[in-house]
Amino acid sequence: MSGNNKSPYLTPIAGNGLLDRRLFLQGGLVLGAAQLVAGNARAARQEPAARPEWMSVPGQPFTLYGQPAGYEDEVVRYPSPNRQMRNSGASWTPLHMLEGTITPNGLHYERHHNGVPQINPDEHRLLVHGMVRQPAFFTIDNLLRYPMRSQICFVECGGNSNAGWNKAPSQAEAGYFHGLVSCSEWTGVPLSTILSEVGLDKKAGWLIADGADAFAMNISIPVEKAMDDAILALYQNGERLRPENGYPLRLILPGWEGVLNVKWLRSLKATAQPIMARNETARYTELLPSGKARMFTFTMDAKSLITSPSGGMVLKQGPGLYQVSGLAWSGRGRIEQVDVSADGGETWAPAELQAPVLPKAFTRFRIPWQWDGAPAVLKSRAVDETGYVQPEREQLVAAQGRHGFYHYNAIVTWSVDEYGTVTHVYTSEAQQADSDISIDAGWD
Ligand SMILES: Nc1nc2c(c(=O)[nH]1)N[C@H]1C(S)=C(S)[C@@H](COP(=O)(O)O)O[C@H]1N2
Ligand SMILES: [Mo]
């Protein structure tokens, strides 16, 4: 391929410089980023490559458990800002500092109602009882003997992104705003296997799951989901669960609201009716404009988010070719398409979806963008395989009202000013409200 900038893909296909997603596939950055190469070549002439210090001494020895590079020590979870709530709160995954689709275990978001129990796996038991033929205790060693399966899926708190309900656009970084979601490969025993072992009564409609934390979390799970794709997870990205994510045993209900994924799982009781626990009545319900509350909103709807560039970043290199990149996911299945706009939603272009595109998992999207240095407004919009389209904020607020707190999945809008500074904006200021929620409110 010659460097004379003749790629057909360099012609914008949507407003404000969005280019065909095939540009990068076709020839990497070679065409559009001649500017980048020129800059590098100039630098090479000025500074002949010196022999760096680390080439003149032997390297560090082997380690038993590896740690990230010291220079990466800013890539950490955002802690709960409410210091009073030491045990009940959340920490957020820094989504905008990560790439690809898998969340490293040490950066998986956390949501605990009363801290992380220090469980000795040899003493831990799972009791399965209630409407079953043969109630039974399972040790972790028992469970490890069953056939396992793995699934890559996201876990998202129902309260993720809830600052989006605010009347004014919050200016937290993308991860601090939307990072109560992470994506891992979970491995464990299919819950259906254990339910057939104990002989689940056909009349049982629900399973009441209990956690072994000091909060003694409990919640009701429909048998249908339990028999479908629920996993008694023992492993997370290849290693045993981290304490904060449920060690030694947690429930994984792919695509369903985080609170149902009970950590430190100690019992499952089969019942005819749900238990009406705090976390399915007073919390994790949605107050609708009618004044009624909606319960049991299990599935997480499709959502997407541009992680680069995103709030708080600056396009320091000035005008030129950029790769806009982000994450999309849907609790209903696969992501079908992600459209990106650079002109505030007037025109859209389809982004490239990075393979493999898995159901109920993070999907990475990318699209080339020629920024001309003028103010621009970036958005992404996910469509899933059921045809569900991620709503604009105005649509979501019109349908749900502004007292929802949970299940905020509207299109996220980033504004880029002429200096390249990225901020969070709403495209319509029409929605007004009487009160705002702060990013850390409600985690009690
Ligand atoms: N036992 C127990 N399970 C729990 C919780 C808890 O506090 N205790 N929090 C729930 C909530 S609200 C969420 S969003 C997810 C968070 O999982 P994570 O901390 O692994 O990200 O766990 C759920 N399971
Ligand atoms: Mo949650």
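Keep in mind that this is a model prediction, so the values were computed, not measured. Counting starts at 1 for both ligands and their atoms, following the listed order.
Atoms of ligand 1 found under 4.0 Å from any heavy atom of Gly211 (numbered from 1 in listed order, with element): 1 (N). With ligand atoms numbered from 1 in the order given, ligand 1 contributes 19 (O) to contacts under 4.0 Å with heavy atoms of Glu244. Heavy-atom contacts of Cys157 reach the following atoms of ligand 1: 14 (S) (cutoff under 4.0 Å). Listed by atom number, the atoms of ligand 1 under 4.0 Å from Asn245 heavy atoms are 18 (P), 19 (O), 20 (O), 21 (O).
Of the protein's heavy atoms, His113 ND1, 3.5 Å lies nearest to atom 6 (C) of ligand 1. For atom 15 (C) of ligand 1, the closest non-hydrogen atom on the protein side is Gly258 O, 3.5 Å. Tyr109 OH, 3.1 Å is the protein heavy atom nearest to atom 14 (S) of ligand 1. Scanning the protein for heavy atoms near atom 12 (S) of ligand 1, the closest one is Tyr284 OH, 2.8 Å. Distance from atom 10 (C) of ligand 1 to its nearest protein heavy atom, with residue and atom name: Val259 CA, 3.8 Å. Here the protein heavy atom with the shortest distance to atom 3 (N) of ligand 1 is Lys263 N, 3.0 Å. Summary of contacts: the protein heavy atom closest to atom 9 (N) of ligand 1 is Arg111 O, 3.2 Å.
Remark: Arg364 does not engage Glu352 in a salt bridge, criterion side-chain N to carboxylate O under 4.0 Å. Ion pairing between a basic and an acidic side chain is recognised when a charged N comes within 4.0 Å of a carboxylate O; Glu110 and Arg77 show such pairing.
In terms of polar-atom proximity, His112 is not counted as a contact of ligand 1, lacking any N or O under 3.5 Å from an N or O of the ligand. Among the atoms of His108, some N or O lies under 3.5 angstrom from an N or O of ligand 1.
No donor-acceptor distance shorter than 3.5 angstrom exists from the side chain of Arg366 to the backbone of Val324, with no hydrogens or angles considered. Checked by atom type and distance alone, the side chain of Asp201 pairs as donor or acceptor with a backbone atom of Lys203 at under 3.5 Å. Without hydrogens or angle criteria, Gln118 side chain to Val116 main chain gives a donor-acceptor distance under 3.5 Å.
The neighbour count for Gln354 CD, taken as heavy atoms of other residues, nucleotides or ligands under 6.0 Å away, is above 12. Other residues, nucleotides and ligands place no more than 12 heavy atoms under 6.0 Å from the CZ atom of Arg266.
Counting heavy atoms under 4.0 Å from ligand 1, residue Trp264 touches it through the side chain alone. The part of Asn261 lying near ligand 1 is the backbone, judged by heavy-atom distances below 4.0 Å. For Asp213, every heavy-atom contact with ligand 1 shorter than 4.0 Å involves the side chain, none the backbone.
Annotation: His424 is in aromatic contact with Tyr426 [ring centroid separation under 6.0 Å]. You'll find the ring centres of Trp165 and Tyr408 inside the 6.0 Å limit.
Residue contact annotation: Phe215 has no non-hydrogen atom under 4.0 Å from ligand 1.
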Under the side chain to side chain contact (heavy atoms under 4.5 Å, CB included) rule, what do Ile208 and Leu268 come out as? Steps first, then yes or no, please. CA-CA 5 Å; Ile208 314 307; Leu268 288 168; over 6 Å; no

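When Met217, Glu110, Arg250, Glu156 are checked for heavy-atom proximity to atom 20 (O) of ligand 1, Arg250 turns out nearest.
Partner of Thr363 under the side chain to side chain contact (heavy atoms under 4.5 Å, CB included) criterion, out of Val338, Thr101, Asp384, Val357: Val357 alone.
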